Structures are given as C-alpha cells and as structure tokens.
Engineer: 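One structure is given below, represented as structure tokens, and several questions about it will come after.
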Number of protein chains: 2
Amino acid sequence: MPRALSPAEVEAFRDRLCAAAERLFAEHGPQAVTMRQLAVALGVSPMTPYRYFRDKDDILAAVRASGFERFAIALEAAYRAADGPLERSLAVGRAYVGFALKNPDAYRLMFDLSQPNEADYPDLVAASRRARDIMAGQATGLVEAGLIEGDPVLVSHMLWAALHGGLVLQLAGKLSPAIDPSALRRGAFEAIIRGLAGRGAVLS
Amino acid sequence: MPRALSPAEVEAFRDRLCAAAERLFAEHGPQAVTMRQLAVALGVSPMTPYRYFRDKDDILAAVRASGFERFAIALEAAYRAADGPLERSLAVGRAYVGFALKNPDAYRLMFDLSQPNEADYPDLVAASRRARDIMAGQATGLVEAGLIEGDPVLVSHMLWAALHGGLVLQLAGKLSPAIDPSALRRGAFEAIIRGLAGRGAVLS
DNA sequence: CAATATAAGTTTACAGGGTAAATTAAAGGA
DNA sequence: TCCTTTAATTTACCCTGTAAACTTATATTG
C-alpha cells in the first residue's frame with residue numbers, strides 16, 4: 001500500500017521488528033536473529049526491513065537502545081522512590097541487579113563487547129547516557145553526603161564496575177561456586193556500597 | 001606427506017593456527033577471522049584446519065585457552081614475586097590490569113559473552129581455572145591476614161568483579177570521561193583493594 | 001621391489017547468511 | 001486518465017561454515 005507511511009507507522013514497524021529480534025534472541029540464541037528469520041517473524045519479505053533500518057547492525061543498535069531505555073527507566077524509578085543518599089544508592093543497585101537478572105539476554109546484548117562501537121548510533125548513545133547519568137547522580141549523592149570521599153565520577157565508575165563485573169562474570173559462568181541469583185538480588189553487591197560507604201572510604 | 005604426523009607436529013600446526021587467528025582478530029576485527037582467511041594465512045586449503053580442530057568454535061576455544069594460559073602465567077608471576085598478603089593482592093591486581101590493557105583483543109575474546117559455553121572445552125576450563133585459582137589465593141591471603149573479613153570465595157568474586165567490570169566498561173567505551181589507561185595501570189583499581197582492606201571491611 | 005592400505009590434504013558442492021539491483025504494485029496529483 | 005512516487009518483493013551475488021568425494025604420497029606388507 002504505497003504512498004505516505006506516517007512517522008507513526010514507521011516507528012510502529014521499527015518497534016515490531018525490535019520486539020521480534022528480542023524474542024528470537026531470547027528464545028533461540030544470538031545466531032537465530034537473522035534478517036530472513038526476522039522477516040518471517042513479521043510476515044514480510046527478507047528485504048523489507050532495509051526500508052526501516054540501514055543494515056543489521058542498525059537493527060541490533062536499536063534493540064540495544066531500547067534495552068538501555070527500559071534499563072534507565074528502572075533505575076530512575078528506584079532513584080526517585082528512595083530518599084536519602086545511601087538509600088538511593090542501595091535502591092539503584094538493587095534495581096540494576098534486578099534488571100540484569102530479569103532480562104539477561106537484553107543485558108548481555110547491551111554490553112556485548114563484540115558489538116560495533118555505539119558512537120555511530122545516536123539513539124543508543126542517548127539511551128546509554130541516560131542510564132549512566134543515574135549512576136553518576138547516585139554516586140554524587142554519596143560523595144556530597146560525605147559517605148564516600150573522592151571524585152564523584154570515579155566513585156560512580158567504581159560502583160558501576162563492581163555491579164557490572166559481578167553480573168557479567170556470573171552470566172558468563174566464570175564464578176565458581178556460582179552465586180545464587182536470589183542472593184545477588186537480595187544484595188550481595190550491597191556489601192560493596194555499604195563497605196565503601198560504611199565509613200571513610202577514600203577513592204582517588 | 002601422509003602417514004604419521006607426530007603429536008609435536010599436530011601441536012605445532014594448532015599453535016600456528018591459533019597465532020594466525022589472534023593476529024587476524026587484532027588486526028582486522030572479529031568478523032575477519034574466518035576459516036578461509038585462516039587458511040590463506042597458513043598457506044593451506046580451506047578444509048585443512050578441520051583435520052586439527054572439530055570446527056570453528058573449537059578454534060576460538062583454543063585461542064581463548066591460550067589467552068587464559070598467558071593470563072594465568074602473568075598472574076602467577078606477580079603472585080610469587082610479591083611478599084605479604086596485601087602486596088600480593090596489589091601485585092596481582094596490577095598484573096591483571098596490565099595484561100588486559102596490553103592484550104585488549106585477547107581479553108575481550110576471553111570474556112566475550114556471546115562465545116559458546118566453555119564447559120565443552122576441557123583445555124579452556126583448565127586454563128580458566130588456573131587464573132581463577134590465583135584470584136582465590138590472593139583473596140584468601142587478605143582474609144587470613146585479617147585485612148578483610150568474610151568468605152574468601154566471596155571476597156575473591158568481589159575483587160575480580162571490580163577489576164573485570166572496570167576493564168570491560170572501559171574497553172566498551174561506556175565510561176565517560178574515559179579513564180586514562182596509564183592511570184588504570186598505575187592503580188586506580190588499587191583504590192578498591194586498599195579501600196576494602198584499608199580497615200575492617202566486612203563482606204558477607 | 002611391487003602392491004596395497006592409510007592418512008594428509010585438496011576440490012567440489014551445498015545450505016544459509018547479508019544485501020545490491022532490478023522489478024512489481026499501489027496510491028495521489030495532474 | 002495517466003504519470004509519478006514509493007512500499008514491497010523478487011532475483012541475484014558473494015561470502016560463510018562445513019560435508020563428501022577425490023587426490024596424493026608415504027609405510028607397511030606380500
């Protein structure tokens with residue numbers, strides 16, 4: 001049905017395609033998310049997606065962007081719901097771990113090292129930055145309250161590294177004995193925040 | 001020249017092939033390490049590698065295993081050269097970061113989440129375990145010396161997570177402003193060890 | 001020494017991948 | 001009505017990984 005195709009329709013198609021990609025990814029693994037499989041999932045010919053995305057990398061970037069979007073929303077909600085810097089940090093940490101464990105495939109893809117550099121995908125950069133800003137805000141709160149001493153940016157990086165590193169090693173099966181996921185969610189990583197914020201940690 | 005082919009010759013071919021794979025990986029990216037490219041790099045026909053490896057995943061597993069081998073050797077050297085638990089942990093941490101920054105491609109591949117599960121590759125499991133054991137030994141030292149309180153396994157996981165998370169976020173370009181690599185090597189991450197071991201950190 | 005078995009290596013072939021180019025079909029404006 | 005525009009499909013190409021058949025050269029055996 002040529003002629004036109006409103007921005008809303010374009011957006012709708014892109015969303016449907018991203019959703020299909022996420023489903024394929026989650027249900028049949030990374031090697032199953034192929035142009036042709038995506039096409040059949042949408043009941044469309046193999047070349048149709050190219051009207052809406054530059055190429056396959058562009059599609060995967062959109063999927064990652066949508067993941068970061070939902071991720072940022074979850075972190076923001078936790079941030080706003082808690083009050084007091086320490087409580088906020090703990091809540092954000094819980095939300096972070098919760099998201100990763102509830103959406104392991106999305107989280108994997110979002111931080112996959114073999115993915116092309118995100119700099120070429122503005123939407124992805126924006127969504128990614130949104131999540132990073134919450135991490136920075138939470139860390140700044142800890143520093144301003146005197147719970148941790150040091151550069152807020154560095155503190156943010158450290159806490160993020162601790163969370164991400166633990167999750168990624170767990171998801172990769174490198175930790176042995178493996179960590180009980182429910183223990184993770186309950187707050188094994190809170191130990192780091194509490195440990196550092198507990199008194200006088202100085203990061204420089 | 002059929003008949004025979006000593007174990008040493010087999011090992012030599014496998015090593016040459018792994019080396020070629022690492023070079024392709026480092027010089028032209030992951031998508032360039034293809035069976036046919038590997039074959040031309042060795043001056044051999046495309047099917048010849050299949051005499052020495054089950055399939056492509058088997059080759060990549062061997063490359064990862066050799067990476068973990070060199071990684072473990074570096075950590076062990078640092079571990080032995082230092083004396084005193086804190087010094088040992090700091091030395092191992094420095095060696096860890098040094099290896100990752102000097103061999104970013106190897107490190108990426110070793111911890112790539114989209115790689116098939118390592119459980120199917122005994123050599124990889126062994127090499128991986130060797131590295132993990134050093135991390136565990138170093139953490140146990142900290143706990144036994146009373147520098148950190150808690151389960152040594154958990155302490156090991158936490159420190160490993162902090163190191164790995166920071167490196168991986170850095171390699172993925174997620175940290176902004178990016179960390180100066182030389183600062184990383186000089187010991188930005190020592191802050192975590194020192195912070196935790198500084199006095200009375202309790203991890204549980 | 002000649003014949004054969006065996007194993008290293010190559011050639012050929014195929015299914016499935018991403019995507020460029022040509023083609024078709026449907027709708028709005030003249 | 002016809003023509004332009006554009007969504008969508010069809011076709012085609014080259015590149016993957018790898019199975020199967022074939023070639024070639026030695027080591028063993030008669």
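Chain A is the first sequence line, chain B the second, and so forth, proteins listed ahead of strands; every chain is numbered from 1. Given the structure is predicted, the values throughout are model-derived calculations rather than measurements.
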Engineer: Within less than 4.0 Å of OP1 or OP2 of D/dT10, is there a side-chain N or O belonging to A/Ser45?
Structural biologist: no
Engineer: Let's go through B/Val97 and B/Leu167 carefully: what are the C-alpha distance in whole Å and the side-chain angles of both, what is the deciding distance for side chain to side chain contact (heavy atoms under 4.5 Å, CB included) to 0.1 Å, and is it a yes or a no?
Structural biologist: CA-CA 7 Å; B/Val97 174; B/Leu167 285 164; 4.2 Å; yes
Engineer: What is the distance, to the nearest angstrom, from the CZ atom on A/Phe53 to the P atom on C/dT19?
Structural biologist: 13 Å
Engineer: Just how far, in rounded Å, is C1' of D/dG17 from CG of B/Asp58?
Structural biologist: 14 Å
Engineer: Nearest 0.5 Å, please: how far is CD in A/Gln138 from CD1 in A/Ile134?
Structural biologist: 9.5 Å
Engineer: Rounded to whole angstrom units, what separation is found between the OH atom of A/Tyr50 and the C1' atom of D/dT11?
Structural biologist: 15 Å
Engineer: Looking at B/Lys56 and B/Val33, would you say the former's side chain and the latter's main chain have a donor-acceptor pair under 3.5 Å?
Structural biologist: yes
Engineer: Parallel, tilted or perpendicular for A/Tyr107 and A/His164, by the 30°/60° rule?
Structural biologist: tilted
Engineer: Among residues 20-43 of chain A, which ones have heavy-atom contacts with DNA chain D below 4.0 Å?
Structural biologist: A/Arg36
Engineer: Is B/Glu22 salt-bridged to B/Arg70, going by a charged N under 4.0 Å from an acidic O?
Structural biologist: yes
Engineer: Calculate the interatomic distance between A/Lys56 atom NZ and D/dT16 atom C1'; express it in whole Å.
Structural biologist: 12 Å
Engineer: For A/Arg64 and A/Leu124, indicate whether the former's side chain and the latter's backbone hold a donor-acceptor pair under 3.5 Å.
Structural biologist: no
Engineer: Rounded to the nearest 0.5 Å, how far does CE of B/Met110 lie from CD of B/Gln115?
Structural biologist: 12.0 Å
Engineer: Nearest 0.5 Å, please: how far is CD in B/Glu76 from CG in B/Asp133?
Structural biologist: 9.0 Å
Engineer: Within this structure, what is the CD-to-P distance between B/Glu9 and C/dA7, rounded to whole angstrom?
Structural biologist: 15 Å
Engineer: Please verify the inter-ring angle class for A/Phe71 with A/Phe99; under 30° counts as parallel, over 60° as perpendicular, anything in between as tilted.
Structural biologist: tilted
Engineer: Between D/dG17 atom P and B/Ile59 atom CD1, what is the distance in whole Å?
Structural biologist: 9 Å
Engineer: Classify A/Tyr52 by what it touches in the nucleic acid, base, sugar-phosphate, or nothing, heavy-atom distance under 4.0 Å.
Structural biologist: sugar-phosphate
Engineer: Hey, what are the protein-to-nucleotides 20-22 of chain D N/O distances that come in under 3.5 Å?
Structural biologist:
none

